[in-house]
Amino acid sequence: MITVIVAIIYDLLFVIPMSVAASLYAGPYIAPDISPLHCLVIAVAVEIYAVLITHLKLRDRLIAGGIGLTVLLALIFYHPAGERVDFLIRYLWVWKIIALAVICYLINRISQKYPFTRLIIAVAGLICLPVSLIYPFIREKITVIMIFAYALMTVTDTVQRRSHKEGDTDVTVHLVFTAPFLLLVIIAAGLIKMPDKPYDWGFVKRISGAIQTGYARLNDVLTISGWESDEPPIGFSGRGSFGGNVRGGGYPVLSVRASGHADPYLYLKGKVYNEFDGHEWTMTTDDTEAQNRIDALTTYAALLGLSERENIPIEDILRREAVTIENESKKLDVLFCPSKSVSMNMNGSNIARYVYFRLNTRATVLMQLYEESPEIEKSYWDQACRECILDTKAAPDYDTYVSYRQKIYEDYLPTTVISDRLRTYMDELLDGADSDYEKILRMENMLRTYRYTDHPGNLPGDLNCAADYLDYFVFEKKEGYCSYYATALTLLSRAYGIPSRYVQGFRADTCHELQYKVNSSEAHAWTECYIDGIGWTVFEATPGYRGVIGTSGWMIDSKDNNAQTVMDISEPEHMQPESDEELTDKEDARTAIPWKRMAIPVIIGIAFTLLILLFDSYLRKRRYDKLDDRGKALWICARSLNLLKRAGAGIGDSETLTEYRERLGCRISGEYVMFCDIYERLIYSCYVITPDDRAALERNLEMLKKNLKSIKRLVKCK
């Protein structure tokens, strides 16, 4: 028993640090909205369960697997049939963390057989630590501690293996009894304060940047299937077509450096499209830097008026931010810019610095502006130009803004016909929506209830217009990737009189980091709608992506206690329960345990366990039948020893069978240990077993099984 416990602790000393470090590192990418503590707990629980199963006997492993299956099915069947798929999708991140933990467990099993792999993993982890001081891709301090712990355990284990020992030479025992002292070192390291900001080591950044840039350029040259192929790629594409399956992979394509406060969700616009033929978007108008400036000034002028009317500092609802974007890939021939960019300065052919406006989307007053869509007064426009444009002579005048707004309606609000069926469906959904903004939110929330997939298949060939596509996607397909959802929201918005455009670019989840590498796999498509009084606004209908509205703002410390400056981020009214009583009833219904549904997984689990036990019994009997008389006798003797051990009368480590028989014969009847004489002769001589001997051993085994409890009582009493 002690040997098993030592082996379990030994495995956990390696697999838990590895699994925790991996899950905490991957957690922000797998589940950005989930607490790291949840990922840590799941990873540790999986590793403990896996290690315990490893050290169980085969039969016990199968029983533990049956129990695990029962629990898993119970969680699924707890939900009604119509909610089970949504439940699995909602908690898909859990399965990903479990899969990651299983991979770490398998790596640990391999490293037990090939110890040098542990050294490779430890060295790789230690290399990551100094690099993360400059490029902070490791977000949690405990990740650093776990990497350090794994390296420390590996070094200690390697030294133990290569040291000459006398007496007990078991390496696992040495490491386990050394572990408490190593844990003290790890705890002491964990108490060391880490810097809040990364170290600014320029030479390391230059070397690392050169390596990454070289890799990206080499990949550009060697990649055969480029972004202009017929297959939808991961990475920005200059084409407006979509459909088919998206292939995986990716590598850094843009380098983003922010000044001041980094936006956690930075949308980098590449190309915009305004016409759709049922399969492909095309661009028949220009989206120039000057037009981007007019749009940014529109927003600034609108907020000047709002700030004056509500007596709120404009800094509470708008921030000027600067970001430098460097193109690291030859395949990108487009300049990417953030929304609301008011100025751009080029530094060579592939580096651009933008000043843009970041809106506080958590401010209630901003929501008021979206709802009201007020006209922009000329005085506010002129003030916006004076405060935002250094060269006032080059600033667009108010008439230019009016002409630009008129052109928006001409280019991005074509006549969009939808079917009567869809019109009836959408009219019911939008009933009571008083503003364009609320209509878009309802459309956005409707599309988010669909399913995201990278493998939706090809679009049908008979889609010839917007109406065909919308009927197909809204009523039939109901799944796809970002292009599907951005197209649907753009067309639906236009059908209800809102200028909208389809945008391709990158959505960088920077998580407030000031330096960030945009990967080609972060390519994205979204919808921008033109809201009178504030300009182009990003809307996100793709499931699994958090919308910009209400997610990337900041809290306000308002001196006016009566001013409601920060809004409560919640679903629109049409998505909420009608009353508190209805919500309480639903909670009570969910709290009540559905015993009938829960009985199904329990029955399945019990049946699975019973089948496993029956199958195990059948295999044992079959293996026994194939043995010769000598093999059967040895198996019976070993089984008899095991039964006596379970009764508390096991043989000692240095005890011979003769000594064991004599010692035990003084405590229990000698007929229970008659097998020892035959067992000893079988082991230490060429004794030929007879049918009578085998029959006697079988009778002895059956007697032990029947009287096991009596033997256990006798052993305890004496």
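- Within the 3.5 Å criterion, the main-chain N or O of Asp427 finds no donor-acceptor partner in the side chain of Asp431.
- Taking the ring centre of Phe276 as origin, the terminal cationic atom of Arg494 falls outside the region bounded by 6.0 Å and 45° from the ring axis.
- With no hydrogens or angles considered, a side-chain donor-acceptor pair links Tyr452 and Asp454 at under 3.5 Å.
- By the side chain to side chain contact (heavy atoms under 4.5 Å, CB included) test, Ala302 is found to be paired with Leu369, Ile376, residues two or more places apart in sequence or in another chain being considered.
- Looking at residues two or more places apart in sequence or on another chain, you find a side chain to side chain contact (heavy atoms under 4.5 Å, CB included) between Val102 and Val46, Ile98, Leu106.
- Using a 4.0 Å cut-off between charged side-chain N and carboxylate O, Glu528 and Arg501 make a salt bridge.
- Lys340 and Asn292 are not linked by any side-chain donor-acceptor pair at a separation below 3.5 angstrom, with hydrogens and angles left out of the test.
- With Trp526 as reference, Tyr267 is the one residue of Tyr267, Tyr273, Phe506 to meet the ring-ring contact (aromatic ring centres under 6.0 Å, His included) rule.
- Qualifying side chain to side chain contact (heavy atoms under 4.5 Å, CB included) partners for Leu335, counting only residues two or more places apart in sequence or in other chains: Met344, Met346, Tyr354.
- Judged purely by atom type and a 3.5 angstrom limit, Ser341 has no side-chain atom pairing as donor or acceptor with the backbone of Cys337.
- Remark: Lys478 engages no residue in a salt bridge (charged side-chain N to carboxylate O under 4.0 Å, His left out) (not counting sequence neighbours).
- The pair Arg257-Glu326 meets the salt-bridge criterion, with a side-chain N (NZ, NE, NH1 or NH2) lying under 4.0 Å from an Asp/Glu carboxylate O.
- Checked against side chain to side chain donor-acceptor pair (under 3.5 Å), Ser373 has no partners two or more places apart in sequence or in another chain.
- For Tyr401 and Tyr398, the gap between ring centers is short of 6.0 Å.
- Side-chain atoms of His524 do not come within 3.5 Å of backbone N or O of Gln504 as any donor-acceptor pair.
- With sequence neighbours excluded, the residues satisfying ring-ring contact (aromatic ring centres under 6.0 Å, His included) with Phe475 are Tyr425.
- Scanning both residues, Ser483 and Tyr502, for their nearest heavy atoms gives OG-OH, 3.1 Å.
- For Glu428, the salt bridge (charged side-chain N to carboxylate O under 4.0 Å, His left out) test picks out no residue, with sequence neighbours left out.
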Salt bridge (Lys or Arg N to Asp or Glu O under 4.0 Å) between Glu375 and Arg405: does it pass, once the steps are laid out? CA-CA 11 Å; Glu375 289 288 337; Arg405 181 186 171 192; 3.1 Å; yes
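- Among residue pairs with one or both ends in residues 458-473, those qualifying as side-chain hydrogen bond (donor to acceptor under 3.5 Å, both in side chains) are Ser419-Asp471; sequence neighbours excluded.
- Partners of Arg451 under the side chain to side chain donor-acceptor pair (under 3.5 Å) rule, at least two apart in sequence or in another chain, are Glu479.
- For Arg320, the side chain to side chain donor-acceptor pair (under 3.5 Å) partners two or more places apart in sequence, or in a different chain, are Tyr300.
- The side chain to side chain contact (heavy atoms under 4.5 Å, CB included) search around Ala467 returns Cys465, not counting sequence neighbours.
- In this structure, Asp399 has no side chain to side chain donor-acceptor pair (under 3.5 Å) partners at least two apart in sequence or on a different chain.
- Classification of Lys271 and Asp287 as a salt-bridged pair fails, no side-chain N sitting under 4.0 Å from a carboxylate O.
- Residue Leu266 forms a side chain to side chain contact (heavy atoms under 4.5 Å, CB included) with just one option from Tyr516, Phe336, Tyr356, and that option is Tyr356.
- Checking side-chain atoms of Glu321 against main-chain N and O of Val355 turns up no donor-acceptor pair under 3.5 Å.
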